[in-house]
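We name chains A, B, ... by the order of the sequence lines, and we start the count at 1 in each one.
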Amino acid sequence: MGKQDLIEALYGSLGESCVTDPEVAHVEIHGNEVLGLHLVSGLEVEADSRPEGIEVEIRVRAGARIEKPVRICFGLMPESGMQRISMRTRVAEEARVAILASCTFPNALDVLHEMEADIEIGTGAEYLYLERHVHGPEGGVRVIPKATVNLGEGARFRTDFELLRGRAGDIDIDYGATCGAHSVLELAARISARGDDRIRIHEKAELAGEAARGVLTTNIAVREQATAEIKNTMIASAAYARGHVDCKEIIRDQAVAHAIPIVEVRHPQAHVTHEAAIGSVDSKQLETLMSRGLDEDQATDLIIEGLLSPAYRSQG
Amino acid sequence: MKSNEPSFAGGEGPILQVEGLVLERGEKRVLDDLTLEFWPGQVHAVVGPNGAGKTTLAATIMGLSDYTAFQGDIRFDGESLRNLSIDQRAGRGITLAWQEPARFEGLTVRSFVGAGARDRSEARLRDALQRVGLDPEEYLGRAVDRTLSGGERKRIELASILAMEPRLVLMDEPDSGIDVEALNRIFDAIRHLKDRGVTVLLITHSLAVLRQADHAFLLCAGKLWKKGSIEKIETFFGDSCVPCGHRNEPDRSERDADLK
């Protein structure tokens, strides 16, 4: 299959067409090979393909405003294989960029996707990273994203991990962030798992600078024999730092969910809250929908759809 | 002009019959041998002091999870509801508007109102929202979550009921936690339901809500104490129940003679 055919297959698996707008920067990576790259002013991307993986460096110049979200499409079309990405991102002072990253493994039976990200966000800069996954129906994928994030003074970073379609497989997320003064951090994940899927999310944020703010939100639905382990750690070590940890897990059947919120406050003028709820769906929500004629399964599915929706708001 | 007594127009019998209903919580009889009949297309009110058993009655008719162990029977169109689940009762055309509607984090008004709608077309969902005084442009894409006031959630819940096109609506304290403008919209919706031949059962201790009904029942301490015209029930409620301080300790001499 030629490069263009592979690009079309990757976007096709997402239900989309190839990016044609010249004002939209985009990168397509299949396995450990860069298939396509298109840049816009203010954005620099270098990608180096090697047999053991890809090294990608993304730089957004100081003050640059990338108006349209950058599209990055990672994927692997065959049933088996490996994709290993080392990504270094530098968003310079007062720059602003949003990246919509799609990760598609629609036929996966034995696929490994590893991502190791090192992210620096400069003073006053803004970085939004939306990660949308499409997996195959068999759950034969291991997804292992790790990220280290440093936010400068007044910087903003938001990331949102969502499984759009397919079985979760084995997802192992490990993010760590250090937040400078007046910076804002939001880490969110929304995943539904079934069968023998396994979800493990470890997120740790340190609100190190004065008046730094952070929210860790995790919404998980597990059913059948799936398992989820969520460990969110929020450390506030500066005056006026404000943090919130919000973990909701709905379980059904024989699924098992663990939530371990860790809150550590090291300054008397800092404040961190946490909320964790694990269990079946709320009975009042369920009975409300059933009183409109939905059966129990339909009502449960709709409640879970809300929990996993982008419209869900953290209580923090 | 409202009729004050039940109508049997067309020779129809009652749509809902509550027969000797008893529901206990430990030693206490929350519903104590209740027998009531509700007529099709009419707006009925069940009034009484706090603790009289009004909400319990609605929850038992709907079949909510903690309200299924009762004695007696509840019949809808002559069919016993005893062994029917909530969704099966909804399938027969019964639904409930909660005193405090649930929040659904992440679920849009469009999904919520559409969930039980008989017709899920955009036009039908918009019409349902407009009937409760909410602008579809503003609300359809919003989540049914904490960003909405209690009054907004109450109206959205009622919109979902209008879209469902039920035959019997149980409305628990429809005036609870809402302002006058929202209440007027809810009253409009009640009239709309009645115009479409829907039977409405208002659970209330508000005289303003009571006055929306065609016929009323008064409960006290789980028992049916009086039934009849709005004027009759309003007078008794104002003269006897309010001064009583809602102690649920009725004076037997004041019970309707045919109920003693």
Side-chain angles (χ1 to χ4, degrees), chain A residues 130 132 160-164 186 188-192 215-221 244-250 273 275-316, chain B residues 58-59 61-68 84-118 120 140-148 153 156-157 159-166 168-170 172:
Chain A
L130 303 177
R132 304 285 183 254
D160 189 342
F161 183 106
E162 181 181 11
L163 175 61
L164 292 179
E186 295 176 66
R190 293 172 283 119
I191 305 170
S192 175
V215 179
L216 309 180
T217 305
T218 314
N219 291 349
I220 303 291
H244 182 69
V245 176
D246 189 324
C247 178
K248 300 275 192 306
E249 296 182 72
I250 290 179
T273 54
E275 182 178 348
I278 304 179
S280 59
V281 294
D282 178 85
S283 63
K284 187 170 182 178
Q285 292 179 336
L286 191 68
E287 292 187 338
T288 296
L289 293 172
M290 290 177 73
S291 74
R292 302 294 180 271
L294 279 68
D295 67 28
E296 188 168 345
D297 284 343
Q298 291 170 326
T300 301
D301 287 347
L302 192 58
I303 293 164
I304 290 173
E305 183 184 307
L307 180 81
L308 300 180
S309 148
Y312 179 91
R313 290 167 193 260
S314 163
Q315 304 298 299
Chain B
I61 294 169
M62 194 68 245
L64 303 189
S65 52
D66 290 335
Y67 299 87
T68 54
L84 298 186
S85 62
I86 299 170
D87 54 308
Q88 287 172 325
R89 295 179 197 212
R92 304 294 195 273
I94 305 172
T95 194
L96 170 67
W98 264 253
Q99 179 177 354
E100 288 183 31
R103 293 191 313 220
F104 292 86
E105 287 83 3
L107 199 65
T108 61
V109 170
R110 183 190 304 280
S111 295
F112 177 67
V113 174
R118 187 178 295 269
R120 295 185 184 180
L140 274 172
R142 288 183 66 176
V144 189
D145 62 10
R146 67 194 167 92
T147 63
L148 295 170
R153 276 187 286 122
I156 287 165
E157 177 170 62
S160 79
I161 285 172
L162 294 175
M164 179 188 168
E165 299 179 30
L168 170 65
V169 182
L170 313 166
D172 192 5

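Of all heavy-atom pairs between A/Leu294 and B/Asp87, the closest is O-CB, 3.1 Å. Taking both residues in full, the closest heavy atoms of B/Ala90 and A/Ser291 are given as CB-O, 3.4 Å, listed atom of the first, atom of the second, then distance. The two residues A/Ser309 and B/Gly106 make their nearest non-hydrogen contact at OG-O, 3.1 Å.
Distance OG1/A/Thr288 to CZ/B/Arg103: 13.0 Å, rounded to 0.5 Å.
A/Arg292 contributes no side-chain N or O that, together with a main-chain N or O of B/Phe112, makes up a donor-acceptor pair within less than 3.5 Å. A/Lys284 places no side-chain N or O within 3.5 Å of a backbone atom of B/Trp98 that could act as its donor or acceptor partner.
Residues A/Leu302 and B/Leu107 have side chains in contact (heavy-atom distance under 4.5 Å, counting atoms from C-beta outward).
Only the backbone of B/Pro101 comes within less than 4.5 Å of a heavy atom of chain A; no side-chain atom from C-beta onward does. For B/Glu157, the parts lying under 4.5 angstrom from a heavy atom of chain A are both the backbone and the side chain. There is no contact between B/Leu170 and chain A, counting heavy-atom distances below 4.5 Å. Looking at B/Glu165, neither its backbone nor its side chain comes within 4.5 Å of chain A, counting heavy atoms on both sides.
Most heavy-atom pairs under 4.5 Å with chain B, from the set A/Asp282, A/Ile303, A/Leu289: that is A/Leu289. With respect to chain A, the highest number of heavy-atom pairs below 4.5 Å among B/Ser85, B/Gly91, B/Ala102 belongs to B/Ala102. When B/Ser65, B/Ala117, B/Gly63, B/Ala163 are compared by the number of non-hydrogen pairs under 4.5 Å with chain A, B/Ser65 comes out ahead. Top candidate by heavy-atom pairs under 4.5 Å with chain B, chosen from A/Glu305, A/Gln285, A/Glu296, A/Gln298, is A/Gln285. Here B/Ile161 is the residue among B/Val144, B/Ile161, B/Ile94 with the most heavy-atom pairs under 4.5 Å with chain A.
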